[in-house]
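A short write-up of the structure that comes next.
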Amino acid sequence: MKKKKNVLRCLGSSIALTATVGLSTLSAQQAEAATSSGMLSPVTPKDVVYQIITDRFVDGDTSNNIPTGSSASLFDDPDQDGLGNGDDLKLYQGGDWQGIIDKISYLKNMGVTAVWISAPYENRDTPIYDYQQSGGYDLWTSFHGYHVRNYFATNKHFGLMQDFEALRDALHANGIKLIIDFVSNHTSRGTNPTSGNSPEDGKLYEPDKDSNGDYVFDSNGNPVDYNSDGNVENLLADPNYDINGWFHNLGDRGSDDTQFGYRFKDLGSLSDFSTENAAVVEHLEKAATFWKSKGVDGFRHDATLHMSPSFAKGFKDAIDSASGGPLTHFGEFFIGRPDPKYDEYQSFPDRTGINNLDFEYFRASTNAFGYFSETMSAFGQMLIATSADYEYENQAVTFLDNHDVTRFRYIQPNDKPYHAALATLLTARGTPNIYYGTEQYLTSADSSDISGRVFMERETSFDQTTTAYKIIQSLSALRRQNEAVAYGETAILYSSDDVLVFKRQFYDKQVIVAVNRQPDLSFTVPAINTTLPAGSYDDVLNGLLYGDSMTVNNGKIGSFTLAGGEVSVWSYNPDLGTAIPRIGDVVSTMGRAGNTVYIYGTGLGGTVTVKFDSTAATVVSNSDTMIEAIVPNVSAGARQITVTKGTNVSNQFRYEVLSDDQNQVIFKVNATTSWGVNIYIVGDIPELGSWDTSKAVGPFHTPNYPEWFLPVSVPKNTTIQYKFIKKDSSGNVTWEGGNNRSITSPSSSTGTLDTSVLTWQ
């Protein structure tokens with residue numbers, strides 16, 4: 001066979017393609033956030049994220065509006081002028097990576113420091129027909145990026161690989177980090193529920209391989225027809241002819257709200273990957289590390305509610321353990337309280353290392369500032385309760401709206417509470433995410449998520465003088481400048497039905513925010529005790545939201561009146577000096593010996609010692625605000641990171657050390673229980689609770705009672721002692737009898753192992 005010239009290969013699970021990112025145009029402040037490799041650091045609570053549905057932002061390159069091989073019927077262009085009309089939001093509109101590049105100055109001026117874009121890889125590109133009972137059909141497309149077809153090729157509607165790399169480089173050159181959406185839960189719709197579940201698609205493809213089994217790309221990183229068969233791809237898996245078990249094939253979840261239904265059945269008839277299959281795990285890990293090698297700074301994981309935590313934990317670990325250090329990870333664990341899955345939601349980051357999009361913040365802010373169905377006191381109580389519930393509350397990604405929910409502007413058309421909600425988002429605990437167009441007051445025709453996915457280029461002139469734009473601009477700067485906003489704890493100083501005064505504090509640094517959600521009513525706030533030094537404090541927003549200065553005398557903020565819609569933000573930002581190290585944040589919060597870890601805070605420069613409990617770590621580099629270190633060879637389990645400088649020791653920050661590279665064992669047992677009693681597993685390794693029943697893993701699934709099963713994340717090539725236990729809702733435990741059970745996990749990092757159906761002892 002004749003070999004192609006200028007060919008690059010993807011070597012097994014390691015990626016030969018690397019991304020080179022120049023930092024020559026970064027400011028000193030931006031450069032201090034860079035890692036030793038020269039890449040930008042992961043997203044931290046100092047950042048403001050801006051979410052872009054790539055197809056719905058700006059059409060910067062009209063040549064890719066109808067890519068070669070794509071049907072014109074998928075593009076919203078009834079007048080055939082080659083441009084998306086922004087009318088039929090089920091179709092492609094033309095937004096692409098060049099369009100984002102064209103608006104970087106707009107984003108940077110607004111204070112955006114990270115951009116979250118749609119999944120960059122190839123999606124299904126055929127019409128999706130939803131047949132109506134009354135006759136006719138709706139035609140949909142995969143413009144959103146959630147119908148993967150080939151992980152190793154770009155979505156041609158957005159551009160080619162060289163265009164993606166141009167976007168990456170342009171963002172990084174301006175100090176803006178790049179987060180990609182990534183879907184590891186499913187492909188596209190395998191059957192059509194509107195036509196009797198007839199076979200539809202769901203197929204997964206991969207590029208051509210060479211004689212060594214490595215993917216082949218051209219010099220720009222795009223797949224090539226290496227085997228000269230006329231195609232640049234090959235069918236890898238088909239849910240309608242699933243001979244290798246790549247999909248669960250259990251049908252749509254529908255109304256099944258069991259844990260089993262969420263994790264093993266199809267979400268909206270989208271073909272659900274069997275992530276208990278080692279071949280599936282290997283392919284997904286290879287795909288994710290491929291995109292990491294392109295120089296991205298973070299992953300937003302789709303549908304984490306529907307993912308097995310055992311897979312998610314190993315998946316995240318594989319990404320962060322690959323060359324380049326840890327990235328930021330957050331995912332869509334979509335709940336709406338009251339919800340029986342809240343405990344799962346709040347503990348998911350601790351169990352997997354993947355933080356959450358903060359749906360609890362979204363719920364509370366929507367009700368408090370949008371519908372006015374909950375009081376501001378209740379909103380404040382949520383901030384305190386979740387700060388206790390979330391281990392890493394400042395890493396939770398907060399939002400007012402996104403692509404899966406109603407536009408906030410549709411719910412709240414009044415500027416004053418709208419602005420109050422936005423200012424609160426940007427000063428509250430968490431890492432704020434702005435949905436594209438929020439700063440331009442984009443709304444929707446109805447309450448559906450699809451109506452909110454408007455084509456921004458058609459709806460706005462990208463005005464940089466709107467009040468919302470200026471709010472983001474001012475408070476993004478405050479978040480970077482005053483660590484109280486990024487890393488601080490939250491305290492409620494005063495609350496009522498319509499007013500909230502809260503404080504963020506990181507050591508001596510403080511920010512106090514006073515909010516009145518009512519547009520036309522004034523309220524008087526009584527005098528408040530404070531630890532602020534005596535003096536006058538100007539409103540950070542300079543009266544943009546009707547705020548005013550505040551005075552402290554004798555340890556009190558004097559009584560003050562908040563006008564309708566007023567938000568005042570007061571900042572106290574003393575220099576903490578460089579002698580005492582203080583930790584504000586750590587990325588990642590989970591890893592294994594030899595992994596890189598980034599520690600953020602103040603006073604971290606000079607000669608420092610980093611310890612995991614009492615074991616010293618290797619410090620790769622450090623500055624006053626960041627340390628890059630290597631996780632030492634320390635016993636697995638929860639460890640406390642500290643930084644010592646001279647005789648000064650920092651506060652502690654929790655880090656979960658894994659026993660080793662994680663793979664999966666699917667445990668199965670036949671056991672009878674009474675109603676409300678579930679099966680768990682506990683064993684001699686930290687991943688199984690180290691024999692502590694309060695840390696046992698479970699509950700198991702039981703779709704075929706009395707058989708129970710559960711995929712569990714365990715270290716590879718390890719002999720494990722374990723037992724099954726029964727646990728009721730009160731935490732009462734019944735141990736099975738007999739000797740400890742023993743099993744050896746697979747030796748492969750992506751391996752999986754099914755036990756036989758064991759019998760309760």
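For the numbers below, each heavy atom of this structure counts, side chains included, while hydrogens, waters and symmetry mates do not. Quantities reported herein were computed from a predicted structural model and do not represent experimental measurements.
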For Pro326 against Val587, the heavy-atom pair lying closest together:
CG-O, 3.7 Å

If you measure from CG on Asn356 to OG1 on Thr304, what distance do you get to the nearest 0.5 Å?
6.0 Å

Given the side-chain rings of Phe667 and Tyr722, with only the six-membered ring counted for Trp, is the space between their centroids under 6.0 Å?
yes

Just wondering, more than 12 heavy atoms not from Asn633 lying within 6.0 Å of its CG?
no

Testing the basics here: between Glu736 and Thr759, what is the closest heavy-atom pair and its distance to 0.1 Å?
OE1-O, 4.3 Å

Nearest heavy atoms of Lys723 and Gly738, plus distance in Å
NZ-O, 2.6 Å

Knowing that exactly one of Asp585, Thr44, Thr589 qualifies, which makes a side-chain hydrogen bond (donor to acceptor under 3.5 Å, both in side chains) with Gln395?
Asp585

Can you see whether Trp735 has Lys726 sitting over its ring - NZ or CZ less than 6.0 Å from the centre and within 45° of the normal?
no

Atom CG of Asn185 and atom CG of Asp302: how far apart are they, to the nearest 0.5 Å?
7.0 Å

Sidechain-backbone polar pair: Thr289 side chain, Lys286 backbone, donor-acceptor under 3.5 Å:
yes

Contacts of type ring-ring contact (aromatic ring centres under 6.0 Å, His included), residue Phe264, not counting sequence neighbours
His248, Phe260, His701, Phe709

In Å and rounded to the nearest 0.5 Å, what is the CG to CD distance from Asn394 to Glu489?
9.0 Å

Sequence-distant partners of His306, ring-ring contact (aromatic ring centres under 6.0 Å, His included), two or more places apart:
Tyr262

Verdict with reasoning, Lys313 to Gln662, per side chain to side chain contact (heavy atoms under 4.5 Å, CB included):
CA-CA 8 Å; Lys313 183 178 183 179; Gln662 302 285 296; 3.9 Å; yes

Determine yes or no for a side-chain-to-main-chain donor-acceptor pair under 3.5 angstrom, with Asp728 supplying the side chain and Asn732 the backbone.
yes

Should Asp339 and Lys341 count as an ion pair when the cut-off is N to O under 4.0 Å?
yes

Tightest non-hydrogen contact, residues Thr490 and Arg429, listed as OG1-CB, 3.8 Å

Using a 3.5 Å distance criterion without hydrogens, assess whether the side chain of Asp238 forms a donor-acceptor pair with backbone atoms of Asp242.
no

Return yes if some donor-acceptor pair links the side-chain N/O of Asn663 with the main-chain N/O of Gly314 below 3.5 Å, else return no.
no

Heavy-atom side-chain contact between Thr642 and Phe653 under 4.5 Å:
no

Quick check: does any side chain N or O of Thr752 sit under 3.5 Å from a backbone N or O of Gln664, one acting as donor and the other as acceptor?
no

For Ala486 and Pro45, which heavy atoms make the closest approach, and how far apart are they?
O-CB, 3.1 Å

Going through the checks in order, is the side-chain hydrogen bond (donor to acceptor under 3.5 Å, both in side chains) test met by Gln346 and Glu360?
CA-CA 9 Å; Gln346 65 92 9; Glu360 180 62 358; over 6 Å; no

Side-chain contact test, heavy atoms from C-beta onward, threshold under 4.5 Å: evaluate it for Asp272 versus Leu267 and give yes or no.
no

Tell me whether Asn402 contacts the main-chain N or O of Asp404 through its side chain, where contact means a donor paired with an acceptor under 3.5 Å.
yes

Asp297 side chain to Pro42 main-chain N or O, any donor-acceptor pair under 3.5 Å?
no

Cationic tip of Arg582 within the cone over Tyr507's six-membered ring, i.e. under 6.0 Å and within 45° of the normal?
yes

Return yes if some donor-acceptor pair links the side-chain N/O of Asp613 with the main-chain N/O of Gln640 below 3.5 Å, else return no.
yes

Residues Glu707, Lys668: salt bridge by 4.0 Å N-O rule
no

Do Phe359 and Phe399 have ring centres separated by under 6.0 Å?
yes

Distance-only donor-acceptor check, side chains Asp358 and Tyr390, under 3.5 Å
yes

After noting the C-alpha distance and the side-chain angles of Ser694 and Asp692, does the key distance pass the side-chain hydrogen bond (donor to acceptor under 3.5 Å, both in side chains) rule?
CA-CA 5 Å; Ser694 68; Asp692 182 348; 2.7 Å; yes

Just do the ring-ring contact (aromatic ring centres under 6.0 Å, His included) check on Tyr215 and Phe290 with the steps written out, would you?
CA-CA 11 Å; Tyr215 294 144; Phe290 171 82; 8.2 Å; no

Can you confirm whether Lys316 sits close enough to Ser588 that some side-chain heavy atom of one is under 4.5 Å from a side-chain heavy atom of the other?
yes

Cationic tip of Arg639 above Tyr655 ring, under 6.0 Å, 45° of axis
no

Salt-bridge contact Glu656-Arg351 (side-chain N to carboxylate O under 4.0 Å):
no

Okay, side chain of Asn678, backbone of Lys727: is any donor-acceptor separation there less than 3.5 Å?
no

Hey, do the aromatic rings of Trp708 and Tyr680 have their centres closer than 6.0 Å?
no

May I ask you to test the His186-Ser271 pair for a side-chain heavy-atom distance under 4.5 Å?
no

So which atom in Ser742 and which in Thr719 form the shortest heavy-atom distance, rounded to 0.1 Å?
OG-CG2, 3.5 Å

Is it true that a side-chain atom of Asn355 and a backbone atom of Phe330 form a donor plus acceptor pair closer than 3.5 Å?
no

Could you walk me through whether Lys265 and Asp256 pass salt bridge (Lys or Arg N to Asp or Glu O under 4.0 Å), step by step?
CA-CA 9 Å; Lys265 293 185 179 180; Asp256 184 351; 2.9 Å; yes

Taking C-beta and beyond as the side chain, do Val43 and Val49 meet within less than 4.5 Å on heavy atoms?
yes

Do Ile681 and Leu688 come close enough that some side-chain heavy atom pair is under 4.5 Å?
yes

How many angstroms lie between CD1 in Ile685 and OG in Ser659, if you round to the nearest 0.5 Å?
5.5 Å

Rounded to the nearest 0.5 Å, how far apart are CG of Leu250 and OG of Ser274?
9.0 Å

Where does the angle between the aromatic ring planes of Phe333 and Phe348 fall among parallel (under 30°), tilted (30 to 60°) and perpendicular (over 60°)?
tilted

Any carboxylate oxygen within less than 4.0 angstrom of a Lys/Arg side-chain nitrogen, looking at Asp317 and Arg592?
yes

Is the Phe247 to Phe273 ring centre distance short of 6.0 Å?
yes

How far apart are the C-alpha atoms of Arg253 and Asp266, what are their side-chain angles, what is the distance that settles it, and do they pass the salt bridge (Lys or Arg N to Asp or Glu O under 4.0 Å) test?
CA-CA 5 Å; Arg253 181 179 68 82; Asp266 294 348; over 6 Å; no

Compute the ring centroids of Tyr345 and Phe334, then answer whether they are less than 6.0 Å apart.
no

Find the distance between CD1 (Ile180) and CH2 (Trp116) and round it off to the nearest 0.5 Å.
12.5 Å

Qualifying residues under ring-ring contact (aromatic ring centres under 6.0 Å, His included), relative to His301, sequence neighbours excluded
Phe299, Phe315, His329

Stepwise, does the salt bridge (Lys or Arg N to Asp or Glu O under 4.0 Å) test hold for Arg300 with Asp181?
CA-CA 5 Å; Arg300 180 270 185 182; Asp181 227 320; 2.8 Å; yes

